[in-house]
Amino acid sequence: MRRVTTTSPDLWHHYGRTRATADRTVPERIHWTWGQDSGPGAEVLGDITGRCVGDLGAGAGRHAAHLAVHHDPARVDAVDASAAQYAMAVDLYGHLTSRLRLVHADVTAHLRAKESRYDVLYSLFGAADFTDPRALLPAAAAALRLGGLLVIATLAHYPSGEAAEADVVHADIPAKGPDGEPATMRRWVLQEHVWTKVCDEAGLTRVSIDVLPGPGSGPRLADTLLVRAYRSRAREDSPTHRPEREIPRVRGT
Ligand SMILES: C[S@@+](CC[C@H](N)C(=O)[O-])C[C@H]1O[C@@H](n2cnc3c(N)ncnc32)[C@H](O)[C@@H]1O
């Protein structure tokens, strides 16, 4: 009997493609807002000098490239499940530096194989928006070292203005396959208290959430939730424990 293998279409085939042909630079700074043009920058992650960092749903790797080039980390792993995004990242930044590692993988699977590996993990409108947080957050918690930081920039409400969900439920949002064929993908747009709850349930502590307001006008108006949480320090006196650096609070734009 012939075995038929089917693969689902890459719904991120088109994302960032036009920009990739025109802009091959390493960004001078990163922004955590939905509009990607204002608000706090890399300082949100604290001092990452010599630290091991993971970008969850890195797309073409622009943010990870910025951190690797401008912030002296030990390493930034830019992880993305999309073959198209991974190929774009390799094309743009594959040559860049040994500090930037481009990884083609589902983030939950990647994190499950990397216990206590990272000092800082972040998702900038990345995998945390498109993956069930009840699977992703426990994997992220386990992949962080004690005292490690997780940062998520995500939508505070739907771009239409409709309120975020009051429970852990996803929306099916319209998407396109590589040939333009219509499809849907799952997106988790959750209220602040829901993020707090799923972080708590994942074993993350000291959860704080800032609302970064969107611009007054323009196409990308939505507000951003900036979620931060830590892997609790179960063993403060561990000989391998490195003291956590103070992370400044962030104000809106
Ligand atoms: C909106 S794009 C953002 C990309 C990048 N963070 C940026 O700001 O340019 C979302 C990315 O998350 C990736 N992604 C979504 N779910 C993922 C998962 N479970 N594992 C790995 N990557 C994922 C997609 O492939 C896509 O490249």
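Quantities reported herein were computed from a predicted structural model and do not represent experimental measurements. Order of appearance sets the numbers: ligands from 1, and atoms from 1 within every ligand.
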Problem - N or O contact, L124 vs ligand 1, cut-off under 3.5 Å - result: yes
Problem - Proximal candidate to atom 8 (O) of ligand 1 [heavy atom criterion; set H31, H63, Q36] - result: H63
Practice task
Look at the rings of H170 and W188 and say which category their plane angle falls in: under 30° parallel, 30 to 60° tilted, over 60° perpendicular.
Solution key: tilted
Handout entry: Within one Ile-Leu-Val-Met-Phe-Trp-Tyr cluster: V207 and L137, side-chain cutoff 4.5 Å
Key = yes
Handout entry: Any side-chain heavy-atom pair of Q36 and H63 under 4.5 Å
Key = yes
Fill in the blank from the handout: When distances are taken from atom 23 (C) of ligand 1, the protein heavy atom at minimum range is A127 CB, 3.8 Å
Problem - Per-atom contacts, ligand 1 versus S82 - under 4.0 Å to a heavy atom - result: 25 (O)
Completion exercise
protein heavy-atom neighbour closest to atom 20 (N) of ligand 1 works out as V107 N, 2.9 Å
Completion exercise
re atom 4 (C) of ligand 1, the protein heavy-atom contact at minimum distance is G57 O, 3.5 Å
Problem - Protein contact to atom 18 (C) of ligand 1 [nearest heavy atom, distance to 0.1 Å] - result: D106 OD1, 3.6 Å
Problem - Shared hydrophobic cluster, W12 / L124 (ILVMFWY, side-chain heavy atoms < 4.5 Å) - result: no
Exercise for the section: Heavy-atom contacts with T131 under 4.0 Å: which atoms of ligand 1 show up? List them by number with element. Expected result: 16 (N), 17 (C), 18 (C), 19 (N)
Problem - Test item: H66 side-chain N/O and P27 main-chain N/O as donor-acceptor pair under 3.5 Å - result: yes
Exercise for the section: Please say whether more than 12 non-hydrogen atoms of neighbouring residues, nucleotides or ligands are located less than 6.0 Å from CD in E115. Expected result: no
Practice task
Measure the spacing between CG of L212 and NE2 of H31 and express it to the nearest 0.5 Å.
Solution key: 12.0 Å
Exercise for the section: Under 4.0 Å, heavy atoms only, figure out whether ligand 1 is touched by the backbone of A58, its side chain, both or neither. Expected result: backbone
Completion exercise
Short version for A105: what comes under 4.0 Å of ligand 1, heavy atoms counted, is backbone
Handout entry: Nearest non-hydrogen protein atom, atom 21 (C) of ligand 1
Key = A81 N, 3.2 Å
Practice task
Give the atoms of ligand 1, by number and element, whose distance to some non-hydrogen atom of F125 is under 4.0 Å.
Solution key: 1 (C), 2 (S), 3 (C), 10 (C)
Fill in the blank from the handout: for atom 25 (O) of ligand 1, nearest protein heavy atom and its distance come out as D80 OD1, 2.6 Å
Exercise for the section: For residues D91 and R24, determine if any side-chain heavy atom of one lies less than 4.5 Å from a side-chain heavy atom of the other. Expected result: yes
Practice task
Determine whether any heavy atom of Q85 lies closer than 4.0 Å to an atom of ligand 1.
Solution key: yes
Exercise for the section: Please lay out, stage by stage, how D77 and K114 fare under the test salt bridge (Lys or Arg N to Asp or Glu O under 4.0 Å). Expected result: CA-CA 11 Å; D77 289 347; K114 298 280 183 290; over 6 Å; no
